[in-house]
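In what follows, a structure is listed as structure tokens, so that the remarks can point back to it.
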Amino acid sequence: MNELRELAARLLSEKSVDVVIGWEEGPRGARPVFVTRPEDAQKLVFDERCVHCLPAYLSPRRAQVKALGKPAVVVKACDARAVAGLIRENQLAREDVVVIGVRCGGVLANGAEAPLSAATLHPRCANCARREPGLYDHLVGETRPDPPKRELPDRVAALDALTPDERWAFWEGELARCTRCHACRQACPMCTCERCAADKTRPQWIESAPHGRGNLAWHLTRAMHQAGRCVGCGECERACPSGIPLGLLNRKVGSVVARRFGWRPSDDPSVPSPIGTFEKGDAQEFIR
Amino acid sequence: MKTVTRENLAALVKELVAKGTAVVAPAASRDGGVDYRDISTLDEARLGEQPRRSLKELFLPPQEPLFSWVKKGSDVTLSEVRTEFPPRVVLGAPPCDAAAVETLDKVMGWDYRDELWFGRRAATTIVALACTAPRGGCFCEEVGLAPDSPRGADLLLRAHDGGYAVEVVTKKGEALVTAHAALFAETPGEAPVRAPAPASDMPRVRAWLESHFVDGLWDEIGRRCHGCGACASVCPTCHCFDIVDEPEGVCHGTRRRHWDTCQTPRFTRHASGHNPRNDQGSRLRQRVMHKFAIYPARFGEVLCTGCGRCSRSCPAGTDLPEILHRIEGLA
């Protein structure tokens, strides 16, 4: 922790950056913080409660964060994929951010309390082999053990095994709880559109009311817009106040992109985006 | 003191359901989360738990039609929606949720009388259940309520001796007891009432807010906020809605209202493109202002019952009690 605080204080005092985006101790656990003065670097913490994907604050949508000046952002291995995603899509220039990688041994599941165990581990960490990010300018923290082993049912495969009617019934039931607050979009580091299709009214592409039609149109559109872009941070699912398993949609779409285009979320910004590139070998038998 | 045993409460649910009265209670949804749901037996209810979304959705659903239209040539036919509803009993609402509904009656009956809101209000009897222990993030006493406040409830149950002590709060509550009189008993002794909390400092918060429309606090808390509106979704008192016309074909369609929130840029974006609340700080300020300055100025009470859902659901760790304490410190 001291290494992180000292680095942040140094970056701020030598004016390499204007703000360090990290975690602090909040009234209800660890939460994002924006440290702008070297003396406030003491606030920074990092432990298994730091589940948030902080690169969401680097999105061009976040004018208030941008106004603070050049950022340094603290990232876990998984979060670095969001930084890479923003760079890959020209939403962020590599030289405009200082990436502070922290070594991580897994974070807590939504609503779970420390200590980290097989029962409290975040599902996305269950098979994570990355203790440190591949994209960073500074790497801090002690070496962490691998996350506890946790056997998880493959929920996407379980859904694939259903009949279309059963699958429809599953999603109809889940999406019925949606109130269209759009928390999923707002917390997403890759939802960078200045103006979302769901907010457009001339024409109204997506009905704004949270009925079956509107909810289906919204969640399908979002899943498709995340195809080959979703970095799997799970913030949409964590932000959803109605507990809708949105990650299942993104994982399903992601698995199709992986199979068709050999693409997986990467923390290497030079890995081309499947939606932004064309290879002669790309599957195209569906174009007739 | 009037009491009801757990067995008789189960019998009450059974009798109500048998005669066709819907009983709504905190109950588990398929994913394990607790929501307000129709139950057919008391065993399905998760009494004492706070549903993840609030009671308001029983009176102001996330979306509902207002009327539909059919156009034939130059003739337009409008079909109204019904504003009378079948009887319904809510069982086990936490006091923060019951109080919120009464708070909202003021705005729903203010510049026009919201027929759909009051139609559902008239049809619904609320049996609240006093909380025995605070949940993390609850702050009802700080906004002038209590874990066993009867406000907004028709009947208030307090856990007592394996069953419940029953406080009859309204005539509607009395009617429910009278209609099922055999299930309730008179037991000697006084109902267990909690000592009232010290008076809240809400007037000081309001005074500070009224003179600090521009303040560094808003910018600071706005940075962290994703503007996701989860807080408003789960809030028992956030009641803003949008009204949209949904064409369902060339000549027919539905006018509908659905929840909206001041936390999104779209809420205030003008047709010109100008947005008077163009950053998240100003939008978060609006949420705090509406609850602790604007609503008190108009209706004499804060628009918050301290349920703590906003803090618990915030993906970025924004904490309303913390903001209020900071304002108290600044005032």
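Proteins come first, then strands; the chains are lettered A, B, ... in the order of their sequence lines, and each starts at number 1. Just so it is clear, the structure is predicted and the values come from calculations on it, not from any experiment.
With a 4.5 angstrom heavy-atom cutoff, B:Q280 touches chain A via backbone and side-chain atoms both. Neither the backbone nor the side chain of B:D260 comes within contact range of chain A; no heavy atom of the residue lies under 4.5 Å from a heavy atom of that chain. Neither the backbone nor the side chain of B:C310 has a heavy atom closer than 4.5 Å to any heavy atom of chain A. Looking at A:L68, the atoms closer than 4.5 Å to chain B (heavy atoms on both sides) all sit in the side chain, from C-beta outward. For A:A209, the parts sitting under 4.5 Å from any heavy atom of chain B are the backbone and the side chain alike. Both the backbone and the side chain of A:S242 have a heavy atom closer than 4.5 Å to some heavy atom of chain B. Heavy atoms of A:P27 lying under 4.5 Å from chain B belong exclusively to its side chain. Contacts between B:R309 and chain A at a heavy-atom distance below 4.5 Å are absent for every atom of the residue. Of the two parts of B:R224, the backbone and the side chain both hold a non-hydrogen atom closer than 4.5 Å to a non-hydrogen atom of chain A. Both the backbone and the side chain of B:R223 come within less than 4.5 Å of a heavy atom in chain A. Residue A:A30: no heavy atom, backbone or side chain, is found under 4.5 Å from chain B.
Under a 4.0 Å N-O distance rule, the pair B:D215/B:R285 does not qualify as a salt bridge. Remark: B:D31 engages B:R52 in a salt bridge, criterion side-chain N to carboxylate O under 4.0 Å. A salt bridge is absent between A:K43 and A:E25; no separation between the charged side-chain nitrogens and carboxylate oxygens falls under 4.0 Å. A salt bridge links A:R177 and A:E174; the closest N-O separation between the charged side-chain nitrogens and carboxylate oxygens is under 4.0 Å.
For the 3.5 Å distance criterion, the side chains of B:H226 and A:E235 fail to qualify, holding no donor opposite an acceptor.
Residue with the most contacts toward chain A among B:G281, B:G33, B:S313: B:G281 (heavy-atom pairs, distance under 4.5 Å). Each of B:A230, B:P315, B:G317 has some count of heavy-atom pairs under 4.5 Å with chain A, and the biggest count is that of B:P315.
Under the 30°/60° scheme for interplanar angles, the aromatic rings of B:H212 and B:W208 are found to lie parallel. Taking the six-membered ring where tryptophan is involved, the planes of A:W23 and A:H52 are tilted, since the angle between them lies from 30° to 60°. Ring planes of B:F59 and B:W117: tilted class, angle from 30 to 60°.
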